[in-house]
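Following: one structure in structure tokens, then a few remarks.
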Amino acid sequence: MHWSLEIAQRLIDNHPNTETFVCASGISPSGSVHIGNFRELVTTHFVVKALQKLGKKTKFIFSWDDYDRFRKVPQNVDKSYEQYLGMPYSDIPDPHGCCESYARHFENEFEAAIEKFGIEVEYLYQNQEYKSGRYNKSIIHALNKRREIYDILMEYKSQDASDEERENFYPISLYCKSCNKDMSKILGYDEATQSLEYACKCGHTETMDVNKADNIKLQWKIDWPMRWMTEQVIFEPGGRDHSSASGSFVVSSHIVKEIFDWNPPEYVGYEFIGIKGDNGKMSSSSGKVITPAELTNLYQPEGILYLFAKYNPATAFNIGFDEDIIRNYTEFERYYAKRMEGEFEDEVMNFTMELADLGRDLSRYPKYGMLVGLLPIINFDVEILEQILEANDEDFDHQGMLEICEKIKYWITNWYPDRAIKIRDEKNTELYESLDDDVKSAIGRFADVVKESADVHATELMSQFYAIYAMEEDPKEKKKKQRELFKALYMLLIDRPQGPRLSLLVKVIGIDKTLELVTF
């Protein structure tokens, strides 16, 4: 059973009387949201799809924690933004000057990318929720229970509790009404009048009615459980850093039961996603990120969903931007074809592909591996490529071809220039001399076939290339010799051990140039 169906079935078993299964995730817009954060949202999305598969009604909410304080200026943001440290993300100017706030810029960026994945989600913007007063009763409740909250928090810390610290503990952050920064000290709270007095480092002091406050936010480990209770959340994933024995989820689960009288949601911890060849952790606040939007420049959205769905959330994996791109495409194309042909016996992989399905017909999209070998040779000229494919009766979807070509060009240009294949200018005599006589003889027979190939269709031409070793009776030996021959031919033609289908490569290079490079 696919991991998302296992989680969904567990939710159903544990909540038999639940009518609507509320599933949640959330991110702080401290910078561009990276693919590690995307795993949180897409994990919830897959569980939602699994619940729907099992006939359940769902609600998927995604919280933007844009009322969090601005803690650190990312590397890709001007250092002048240090003046806004301590303010909520929602109240800081957009460093790019195109959106209403810092938070909204990165929210818009992420939401635009999410639309491409067909993910249906209700966005909650916590700055709006807090400022609306929706949480004020819960804030008052937390203030009244602040000593009990302190005791719970101290159970998970190594230092000893202090009576003085306990008495002066307040489970809130407060943005000063004068400077709008979280630099205030709470001087006192009156439970009878529900009024709070604070003094800010900027010099401002105030006594305020918490019932009417629009500048108070609960601290994270109190905020999270409060929202579970408020939204009646039944499932939410969290990163590995929240999943330890004293991590945020464990502490918040204790608080939600003892303080808010609500059961914590079912939880799954997800592992981080790395970038192949880079051991550093991605971080929005550091500016070191690969975004979902960048992935869609390289992959079809279905391919990205497949990549995330096939790994259990507890499994870490790396995303590569080298030859892994081709391998991932080829794997997805193979499974897609199997599913379309109804040949799947693997139920787990079948549901993995179902989770990746966006309702588009990809069956006539040209194969990535074929195009990636041809495009660089013709200098990414799509019109020439189309002529080549049509001349050889390749059945392809025009828009699909353009989509794949765009992604190939982006990949080679921005990520992997080593894939910019070029036809050799001159014979590779040194390589030819290093080959054994059997391969040299086969290259001669290959040249004879090419000489007569002007009016031969690419499919038939490929059959003739395979037939060069038709007299070899041992199937394994025949395949071995064919591989050796093709490898030698690719090296002689494009200086690579492999490439696009050999018959198409010959059509692109032309008979005369091909013969020039393989005749010695």
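All values below were derived from every heavy atom in this structure, side-chain atoms included, with hydrogens, water molecules and symmetry-related copies excluded. We number each residue from 1, following the sequence as shown.
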Could you please spell out the steps behind the salt bridge (Lys or Arg N to Asp or Glu O under 4.0 Å) verdict for Lys480 and Glu472? CA-CA 11 Å; Lys480 177 185 175 184; Glu472 176 60 57; over 6 Å; no
Below 4.0 angstrom, N of the basic side chain to O of the carboxylate: do Lys59 and Glu120 qualify? no
If you round to the nearest 0.5 Å, how far is CG of Leu493 from CD1 of Ile421? 11.5 Å
Could you measure the distance from the OG1 atom of Thr315 to the NZ atom of Lys310? Nearest 0.5 Å is fine. 11.5 Å
In this structure, is the centre-to-centre distance between the rings of Phe38 and Phe308 below 6.0 Å? yes
List the atom pairs, donor and acceptor, that lie under 3.5 Å between side-chain atoms in residues 45-52 and the rest of the protein, sequence neighbours left out.
unit_1, atom_1, unit_2, atom_2, d
Gln52, NE2, Thr58, OG1, 2.9

What do the steps show when you test Met462 against Tyr466 for side-chain contact (heavy atoms from CB on, under 4.5 Å), and what is the final call? CA-CA 6 Å; Met462 198 68 207; Tyr466 279 118; 3.8 Å; yes
Among side-chain atoms of Glu354 and Asn350, is any donor-acceptor pair under 3.5 angstrom? no
Is there a donor-acceptor pair under 3.5 Å between the side chain of Asp361 and the backbone N or O of Ser363? yes
Could you check if a side-chain atom of Trp228 sits within less than 4.5 angstrom of a side-chain atom of Ser252, using non-hydrogen atoms only? yes
So which atom in Pro264 and which in Phe249 form the shortest heavy-atom distance, rounded to 0.1 Å? CB-CZ, 4.5 Å
Side-chain heavy-atom pair Leu358, Pro301 within 4.5 angstrom cut-off: yes
Find out whether Asn428 and Asp495 are in side-chain contact, i.e. whether some heavy atom of one side chain is under 4.5 Å from a heavy atom of the other. yes
Test side-chain contact (heavy atoms from CB on, under 4.5 Å) on Met1 and Phe351 and set out the steps. CA-CA 9 Å; Met1 184 180 289; Phe351 193 65; over 6 Å; no
Quick one: pull up OH in Tyr311 and CZ in Arg39 and give me the separation to the nearest 0.5 Å. 9.0 Å
State the NE2-CG distance between His96 and Asp78, to the nearest 0.5 angstrom. 11.0 Å
Does Lys427 count as lying over the ring of Tyr432, i.e. NZ or CZ under 6.0 Å from the six-ring centre, within 45 degrees of the axis? no
Please step through ring pair (Phe, Tyr, Trp, His ring centres under 6.0 Å) for the pair Phe235 and Phe21, ending with a clear verdict. CA-CA 8 Å; Phe235 172 77; Phe21 288 77; over 10 Å; no
Go through the steps for Leu371 and Cys405 under the test side-chain contact (heavy atoms from CB on, under 4.5 Å), then give the verdict. CA-CA 7 Å; Leu371 298 192; Cys405 287; 4.0 Å; yes
Donor-acceptor pair between Thr44 and Glu236 side chains, under 3.5 angstrom: no
Check whether any side-chain heavy atom of Ile377 lies under 4.5 Å from a side-chain heavy atom of Ile423, and answer yes or no. yes
Trp415 and Glu294 side chains, donor-acceptor separation under 3.5 Å: yes
Is it the case that more than 12 heavy atoms not belonging to Glu390 sit under 6.0 Å from its CD atom? yes
Kindly indicate whether a cation-pi arrangement holds for Arg445 with Tyr469, taking the cut-offs as under 6.0 Å to the six-membered ring centre and within 45° of the axis. yes
Taking atom CG of Leu11 and atom CD of Gln9, what is their separation to the nearest 0.5 Å? 9.5 Å
Arg419 and Glu323: CA distance, side-chain angles, deciding distance, side-chain contact (heavy atoms from CB on, under 4.5 Å) verdict: CA-CA 9 Å; Arg419 251 287 169 176; Glu323 298 288 333; 3.2 Å; yes
Under a plain distance cut-off of 3.5 Å, with no hydrogens placed, do Glu40 and Tyr270 share a side-chain donor-acceptor pair? yes
Take atom NZ in Lys116; do more than 12 heavy atoms of anything else shown fall under 6.0 Å from it? yes
Do side-chain atoms of Arg424 reach the backbone of Glu426 as a donor and acceptor pair under 3.5 angstrom? yes
How long is the span from the CZ atom in Phe106 to the OG atom in Ser32, to the nearest 0.5 Å? 5.0 Å
State, without any angle test, whether Tyr306 and Glu331 hold a side-chain donor-acceptor pair at a distance under 3.5 Å. yes
Identify whether the distance between the nearest side-chain nitrogen and carboxylate oxygen of Lys481 and Glu484 falls below 4.0 Å. no
Which is it for Asp357 and Arg339 under the salt bridge (Lys or Arg N to Asp or Glu O under 4.0 Å) test, yes or no, and what are the steps along the way? CA-CA 11 Å; Asp357 188 359; Arg339 185 165 184 260; 3.5 Å; yes
Arg10 with Glu266: basic N within carboxylate O range, under 4.0 Å: yes
Does the side chain of Leu375 come within less than 4.5 Å of Leu385's, by heavy atoms? yes
Centroid-to-centroid, Phe332 to Tyr329, below 6.0 Å? no
Determine the interplanar angle of the Tyr123 and Phe62 rings, folded into 0 to 90°, and report it as parallel if under 30°, tilted if 30 to 60°, perpendicular if over 60°. perpendicular
Does a donor on one side chain sit under 3.5 Å from an acceptor on the other, for Glu460 and Gln464? yes
Electrostatic pair Asp65-Arg227, nearest N-O below 4.0 angstrom: yes
Quick one: closest heavy-atom pair of Cys99 and Asp94, and the distance? N-OD2, 2.8 Å
Counting only heavy atoms from other residues, nucleotides and ligands, does the tally under 6.0 Å from NZ of Lys478 exceed 12? yes
Flag for Ser90-Arg104: side-chain donor and acceptor within less than 3.5 Å: no
Is it true that the side chains of Tyr368 and Gln300 contain a donor and an acceptor less than 3.5 Å apart? no
Output all residues satisfying side chain to side chain donor-acceptor pair (under 3.5 Å) with Asn328, sequence neighbours left out; order by chain, then residue number. Tyr299
Below 4.0 angstrom, N of the basic side chain to O of the carboxylate: do Asp448 and Lys451 qualify? yes
Close side-chain approach of Arg483 and Lys487, heavy atoms under 4.5 Å: no
Do Glu111 and Trp64 pair up side chain to side chain, a donor and an acceptor below 3.5 Å, judged on atom types alone? yes
Please check if the distance between the ring centroids of Tyr416 and Phe321 is under 6.0 Å. no
Exercise: identify the closest heavy-atom pair between Pro376 and Ile412: CG-CD1, 3.6 Å
Taking it one step at a time, do His398 and Glu386 satisfy side chain to side chain donor-acceptor pair (under 3.5 Å)? CA-CA 8 Å; His398 177 73; Glu386 194 164 16; 2.7 Å; yes
Work out which heavy atom in Val372 is nearest to a heavy atom in Trp411; give both atom names and the distance. CG2-CZ3, 3.5 Å
Tell me yes or no: between the side chains of Ser248 and Trp224, is some donor less than 3.5 Å from an acceptor? no
Taking the side chain as every heavy atom from C-beta outward, state whether Tyr267 and Pro237 have any pair of such atoms under 4.5 Å apart. no
If you look at every heavy atom in Asn37 and Val33, which pair is closest and at what distance? CB-CG1, 3.5 Å
Test item: Pro366 and Met370 side chains (from C-beta on) under 4.5 Å apart, heavy atoms: yes
